Peer 1: 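After the structure tokens below, expect a handful of questions from me.
What you see is a predicted model; the values in this text were computed from it and never measured. Just so it is clear: chains get the letters A, B, ... in the order the sequence lines come, proteins before strands, and each one is counted from 1. Worth knowing before you read on, the calculation uses all heavy atoms, side chains too, and leaves out hydrogens, waters and symmetry mates.
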2 protein chains.
Amino acid sequence: MRKRYRTIPPAGNGEVIALAEHGPRTGRPMRADARRNYEKLVEQARIAFTEFGVDAPLDEISRRAGVASGTLYRHFPTRLDLIEAVLAGQIAELVNLGRGLLTAEDASAALSRWLRAALAHALTYRGLAAAVMNSALDQDNDRASTWHAQMFEVGAALLARARRSGAVGADADPADVLKMVGAIAWAVQDAPDGSTQADRMLTLLMNGLHAPHRSDSRPEE
Amino acid sequence: MRKRYRTIPPAGNGEVIALAEHGPRTGRPMRADARRNYEKLVEQARIAFTEFGVDAPLDEISRRAGVASGTLYRHFPTRLDLIEAVLAGQIAELVNLGRGLLTAEDASAALSRWLRAALAHALTYRGLAAAVMNSALDQDNDRASTWHAQMFEVGAALLARARRSGAVGADADPADVLKMVGAIAWAVQDAPDGSTQADRMLTLLMNGLHAPHRSDSRPEE
DNA sequence: ACCTGAACACCGTTCAAGT
DNA sequence: ACCTGAACACCGTTCAAGT
């Protein structure tokens with residue numbers, strides 16, 4: 001199938017269970033067995049994504065969770081639904097970190113630190129998180145989860161604060177910056193020296209933010 | 001299947017045929033019918049990738065080319081082999097452009113122009129070219145084609161020249177820069193306003209290059 | 001040396017029957 | 001309301017037979 005991952009990322013925390021308490025379809029509480037199945041599916045998906053990558057066979061996941069394939073499909077109509085559930089806990093942590101950093105003294109350092117944390121998040125599961133972040137950032141996307149919305153809010157606030165402090169020049173679009181972070185994660189996902197390369201690339205991005213904004217975007221020719 | 005593309009990119013030029021003259025396996029000239037099949041497969045793959053994206057069914061491609069599935073498999077053992085053949089002509093053009101720009105007066109503008117051309121290339125076929133560029137950039141990759149090797153050579157030369165001219169500060173790794181270009185293409189591949197966003201992001205990258213190099217890559221915490 | 005095309009394996013999706 | 005699991009559809013890969 002695919003190369004295996006070295007380390008298994010930490011499991012999603014209580015946030016996942018908070019999601020499972022209410023059915024994503026009805027809004028009403030889930031039946032106890034349905035909720036158990038939901039949680040088993042998310043847990044086994046997390047393990048399978050770690051082992052096989054994004055393309056882990058769905059029936060393998062349902063088999064490990066001890067449910068039929070139709071049950072997986074009922075809870076998660078698309079693969080992306082399942083993926084988002086797996087990532088939910090990690091994103092919540094990122095949001096919390098960002099909120100804490102909003103009161104840090106050095107606004108520029110706070111931004112830098114949060115972007116590095118976001119990059120670390122984006123790198124999980126072979127750049128899978130990066131792909132989800134990226135698709136959630138597209139405007140016409142009605143799939144952008146609540147978690148992602150919060151994440152972008154925090155990112156924008158940190159960027160605005162850094163700009164007000166004078167450390168970041170001119171008008172960088174927060175969505176652009178976050179897209180770049182996801183893009184870096186994607187770019188290094190299979191590189192042998194991935195994390196050091198990602199570090200250098202993020203430094204390049206931070207330099208671009210610090211620089212006085214010069215628009216040299218003349219058209220192609 | 002998938003959303004359709006607006007425009008069909010220009011066909012690969014003579015370079016593709018140059019490849020087809022010798023079998024990729026033996027090194028000796030291909031039999032006339034084999035070569036015809038090779039070319040028909042590349043042409044139909046180009047069209048199918050445009051219509052369906054990267055995941056165009058292989059048997060659809062072989063069906064349109066009028067050959068059996070085994071023939072496609074003989075010429076192109078993996079999907080990536082087929083993709084590389086489709087992109088070959090475009091990459092050759094990019095290399096030529098870069099070589100011409102090596103003697104331009106303004107080294108910084110030359111780099112900027114070539115990076116924008118590289119970005120345009122990376123955007124073809126829904127960011128498919130970006131994925132191929134990116135995987136070719138990984139060091140342990142024995143699949144990096146001759147074309148890509150030339151491309152990275154040209155990019156490195158343009159960057160070095162811009163650095164010597166003083167317009168680009170310090171030591172940016174050419175591979176990092178090209179990875180960023182591919183990453184930008186990937187990030188905007190499905191965005192509604194993709195090309196304008198890509199433009200802004202590339203400007204951010206250029207700003208990062210122009211800035212005096214500051215290394216703020218302190219570890220995570 | 002190359003091509004054909006049937007056979008196989010794999011995997012996602014649906015749905016009738018059951019609780 | 002939810003679950004099961006067989007059935008179906010789709011697609012990549014192999015390989016024996018043919019030229």
Peer 1: Nearest-Å distance, CG (A:Asp55) to C1' (C:dG12)?
Peer 2: 12 Å
Peer 1: Any side-chain N or O of B:Tyr73 less than 4.0 Å from the OP1 or OP2 oxygen of D:dT14?
Peer 2: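 Indeed, a polar side-chain atom of B:Tyr73 lies that close.
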Peer 1: How close or far is atom P of D:dA1 from atom CE of A:Met30, stated in whole angstroms?
Peer 2: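 Interatomic distance, CE of A:Met30 to P of D:dA1: 13 Å.
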Peer 1: Test salt bridge (Lys or Arg N to Asp or Glu O under 4.0 Å) on B:Arg46 and B:Glu43; report intermediate values, then the result.
Peer 2: CA-CA 5 Å; B:Arg46 187 181 66 79; B:Glu43 171 62 10; 3.0 Å; yes
Peer 1: Check whether any side-chain N or O of A:Ser69 sits under 4.0 Å from OP1 or OP2 of D:dG5, and answer yes or no.
Peer 2: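 No, outside the criterion.
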Peer 1: Strictly below 4.0 Å: does A:His75 bring a side-chain N or O up to OP1 or OP2 of D:dC2?
Peer 2: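 Looking at the OP1 and OP2 atoms of D:dC2, neither is under 4.0 Å from any side-chain N or O of A:His75.
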Peer 1: Whether the B:Asp81 and B:Thr78 side chains hold a donor-acceptor pair (N or O, under 3.5 Å, no angle test) is what I'd like checked.
Peer 2: yes
Peer 1: What's the CG-P distance between B:Leu72 and C:dG5, to the nearest Å?
Peer 2: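 The distance from CG of B:Leu72 to P of C:dG5 comes to 15 Å, rounded to the nearest Å.
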Peer 1: If you apply the rule salt bridge (Lys or Arg N to Asp or Glu O under 4.0 Å), what do you find for B:Glu51 with B:Arg64, and how did you get there?
Peer 2: CA-CA 13 Å; B:Glu51 273 187 54; B:Arg64 291 186 184 187; 3.1 Å; yes
Peer 1: Tell me, please, which residues at least two apart from B:Glu153 pass side chain to side chain donor-acceptor pair (under 3.5 Å).
Peer 2: none
Peer 1: Looking only at side chains, do A:Asp138 and A:Ser135 share a donor and an acceptor under 3.5 Å apart?
Peer 2: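 No.
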Peer 1: Rounding to a whole Å, what distance do you find between A:Phe76:CZ and D:dC2:P?
Peer 2: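 These atoms are roughly 13 Å apart.
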Peer 1: Would B:Arg116 and B:Asp199 satisfy salt bridge (Lys or Arg N to Asp or Glu O under 4.0 Å), going step by step from the backbone distance to the final call?
Peer 2: CA-CA 8 Å; B:Arg116 281 185 199 284; B:Asp199 243 49; 3.5 Å; yes
Peer 1: Taking the nucleotide of DNA chain C with the closest heavy atom to each, which residue, B:Ala34 or A:Glu60, is nearer the 5' end?
Peer 2: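 Result of the comparison: B:Ala34.
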Peer 1: Under 4.0 Å between a side-chain N/O of A:Asn37 and OP1 or OP2 of D:dC3, yes or no?
Peer 2: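 Indeed, a polar side-chain atom of A:Asn37 lies that close.
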Peer 1: When the distance from CZ of A:Arg63 to P of C:dC11 is rounded to whole Å, what number comes out?
Peer 2: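 Those two atoms, CZ and P, are 11 Å apart.
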Peer 1: If you assign B:Arg31 and B:Asp59 each to the DNA chain D nucleotide with the nearest heavy atom, which residue ends up on the more 5' nucleotide?
Peer 2: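 Closer to the 5' end of DNA chain D: B:Asp59.
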Peer 1: Taking Watson-Crick and G-U wobble pairs with both distances under 3.5 Å, convert DNA chain C into its dot-bracket string, 5' to 3', dots for unpaired and | for cross-strand pairs.
Peer 2: ||.|||||...|||||.||
Peer 1: Would you kindly give the CZ-to-P distance between B:Arg64 and D:dC11, to the nearest whole Å?
Peer 2: 12 Å
Peer 1: From CZ of A:Phe52 over to P of C:dC10, roughly how many Å is that when rounded to an integer?
Peer 2: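 Computing the A:Phe52:CZ to C:dC10:P distance gives 13 Å.
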Peer 1: With sequence neighbours excluded, what pairs up with B:Asp33 under the side chain to side chain donor-acceptor pair (under 3.5 Å) test?
Peer 2: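 Side chain to side chain donor-acceptor pair (under 3.5 Å) check on B:Asp33 returns B:Arg31.
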